[in-house]
*Asks:* 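Take this structure first; my questions come after.
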Number of protein chains: 2
Amino acid sequence: MPKPTITDIAKALDITASTVSRALAGSPKVSQATRMLVERKAAEMGYERNVLASSLRRGVTDTVGMVVPRVNRQFFSNIISGAEAVLNPAGYNLIISQSHEHSEDERRAIQTLLRNQVSGILISHSIETKDAEAFKDMLASTGVTVIQFDRAFEGIGDLCVVNDNFECARSATRHLIESGYERIGYMGGDESSNVYVDRKAGYMAAMREAGLEVNDDYMFSNCITRDKGFYNAAKAVERGCGALYCAGDYAALGVIEYARDKGIKIPEDFGVVGTANENFTDVVYPSLSSVEQNSTEMGTAVAKAFLDIKSGKALNTDKIIIPTRLIVRDSSKRRKY
Amino acid sequence: MPKPTITDIAKALDITASTVSRALAGSPKVSQATRMLVERKAAEMGYERNVLASSLRRGVTDTVGMVVPRVNRQFFSNIISGAEAVLNPAGYNLIISQSHEHSEDERRAIQTLLRNQVSGILISHSIETKDAEAFKDMLASTGVTVIQFDRAFEGIGDLCVVNDNFECARSATRHLIESGYERIGYMGGDESSNVYVDRKAGYMAAMREAGLEVNDDYMFSNCITRDKGFYNAAKAVERGCGALYCAGDYAALGVIEYARDKGIKIPEDFGVVGTANENFTDVVYPSLSSVEQNSTEMGTAVAKAFLDIKSGKALNTDKIIIPTRLIVRDSSKRRKY
DNA sequence: GCAAGAAATTCAAACGTTTGTATTTTTGCA
DNA sequence: TGCAAAAATACAAACGTTTGAATTTCTTGC
């Protein structure tokens, strides 16, 4: 027994398919009586709308695509989780693609999503992608709603959702300053990304506001892995650095490990604050102070923004900022907190 | 300018749409010459096949759905990552749904996927789901390929892919025995799940094989969280237990923390091995021995099995077993290793 | 040069739904 | 009772593709 169609229902009730369609859609052009009949029959026959046919006819799908560098990164999987939890109840399906941090994969992913007529694309760019040129024309011709998150570029998409990376770094750095650390340095990532540009700026702002000078000897970019953190921690310590704000937790972990190796006491002799609040932060010893990015909330915000745009709700901004929250743990608890 | 269709291409070349369709499909029924012409024209006009129309006509989609309890769990996000990496290049899209560990959400997710005519469903059941009854008839009527992974039930689906949970627990327990620990206990999870049933059996087997007796005082089920681990570690120690094989890393973490609190030395006075090789295991102090589940590999295996089934390749089994690998770290290194 | 067969192409219907327009039925009112 | 307006339904085309069958065009051998 093949799946019943509206035509089957129509035949069974001796009416026409269009009436069935309208009845199921709840159109006011169909009488209460027949609507009831149709609904009952549909249920009885186990009817399920053929989404393909419907989408083809209507010209829109209830599918949205998400492109992330890697799904198995805590930050991104939280975003996916949050977005899915909002989109699914709203009747949307979420298609996932990974760019594996490659521009070419990213382009291909977008291509595939467009071919699948997604009604929206939610994207966080790969690290390899340095600007939005390649996507501009690709996306321009179509009517899909595009929302960028976390790693975003100007001149593309309807909206972007990002963390308050500036404030995130500023508050963490300020916390180190207030905790009495001196000669505070910065470990960041690739500065072609808005994320690290903003964090660096936040660090610098906190320093400037406290009347402290920024010393290039204590500044490390392209340093977000555990290994790099370990490696550069050595340099930093050697040069007299007293504390580090790290724009990534893995680098901060490297710093802690270096300190442990060298017998440098954290937080007494050296302070560290990381970023992302990875799930190892309260497990490492000493536990790592970090900035929570509220990634799940970012996911729901992205999804909600998408739904708002779809429902024609005018957005009063083109940038949604998700607040971050400093979590103080042992690695920076020099003074009583 | 709306998207060009095969009809547009046909008109431009003064041929018919069916020829264009066949040309693009690489059918042998069309001449080399026109195939070239069509391909050139298609590229020139920026043609992209309308997947919806194609799927509607063919009666199949190139979409597969995956249902997991939560996407933001390392284990599952690795599986998603692995599966996506195989399916995407093969021309399939992956739709993600979360059951949030609820049977009802799970049922709804499957329903939605079926309505979207996915050509396959890859599913790991929610903890709340105790058997496959609710899905049997739902899935039976359709022709979708169903593959269960990790948490699987009998009598449903075409295939299942699981870890070697028995061997996983056996090797870990044997390792504890060989390291000279005595009175070794077990911390497991809910035994309505095949996963924990098998792990418990593996633990028991290792004990039996070593001629050791299993003491119920050292057995804890429904104990996979950090809190429960901490709580039950107290009981275990009090009762004279000397080491624990934990079927989950979080419980093992709780055990380590209890020991640290009480000044019990790990690995000297107490041994712990966890399961899953969560990314905090080599960060916690002392580092936690654990069993790697090769989750990414499980994802690729699931996806490959799906592709095999689709391509009509006969499978010589209905159960694929992904091997695990014991990683010995400090928490169980009593003897020189 | 022509018939027979192969090769290439066209025709037409189908997938299941939606929707503008036309038609029928019902309703309300004089 | 009759008639216009409103309500309900039916008709038909369309979305873009695929595919079996019919038709045309090209080969090939005699």
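Below, read A as the first sequence line, B as the second, and so on, with proteins coming before strands; counting in each chain starts at 1.
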*Asks:* So what does A:S31 hit on the nucleic acid, given a heavy-atom distance under 4.0 Å: a base, only sugar-phosphate, or nothing?
*Replies:* sugar-phosphate
*Asks:* Does the protein touch nucleotides 16-24 of chain D at the base, only the backbone, or not at all? Give it as B, S and - per nucleotide, heavy atoms under 4.0 Å.
*Replies:* BBBBBB---
*Asks:* Which residues satisfy the side chain to side chain contact (heavy atoms under 4.5 Å, CB included) test with A:N78, sequence neighbours excluded?
*Replies:*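 A:Q74, A:S295, A:T296, B:N72.
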*Asks:* Looking only at side chains, do B:N93 and A:N116 share a donor and an acceptor under 3.5 Å apart?
*Replies:*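 Yes, A:N116 and B:N93 have a side-chain donor paired with an acceptor closer than 3.5 Å.
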*Asks:* Taking C-beta and beyond as the side chain, do A:R151 and A:I127 meet within less than 4.5 Å on heavy atoms?
*Replies:*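 They are in contact (side-chain heavy atoms under 4.5 Å apart), so the answer is yes.
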*Asks:* What's the angle between the local helix axes at either end of the helix from C:dG1-D:dC30 to C:dA30-D:dT1, using five pairs per end and rounding to 10 degrees?
*Replies:*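 It works out to 40° between the end axes.
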*Asks:* Under 4.0 Å from OP1 or OP2 of C:dT9: is there any side-chain N or O of B:T34 that close?
*Replies:*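 Result: yes.
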*Asks:* Just the rounded figure in Å: distance from C1' of C:dA8 to CG of B:D14.
*Replies:* 15 Å
*Asks:* Quick check, are the ring centers of A:F306 and A:Y92 under 6.0 angstrom apart?
*Replies:* yes
*Asks:* Any luck finding a side-chain donor-acceptor pair between A:S119 and A:T61 under 3.5 Å?
*Replies:*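 A:S119 vs A:T61: no donor-acceptor pair found between side chains.
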*Asks:* Pairs under 3.5 angstrom only: tabulate donor-acceptor contacts from the side chains of residues 13-23 of chain B to other protein residues two or more places apart or in another chain.
*Replies:*
none

*Asks:* What salt bridge (charged side-chain N to carboxylate O under 4.0 Å, His left out) pairs are there with at least one residue in residues 77-91 of chain A, not counting sequence neighbours?
*Replies:*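 Counting only pairs at least two positions apart or across chains, no salt bridge (charged side-chain N to carboxylate O under 4.0 Å, His left out) contact touches residues 77-91 of chain A.
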*Asks:* Rounded off to whole Å, could you give me the CG-to-C1' distance for the B:L13 and C:dA8 pair?
*Replies:* 15 Å
*Asks:* In whole Å, I'd like the distance from the CD1 atom of B:I15 to the C1' atom of C:dC11.
*Replies:*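 That distance rounds to 14 Å.
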*Asks:* Can you list every pair that meets salt bridge (charged side-chain N to carboxylate O under 4.0 Å, His left out) and has a residue in residues 134-150 of chain B, with sequence neighbours left out?
*Replies:*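 Listed by first then second residue: B:E133-B:K136.
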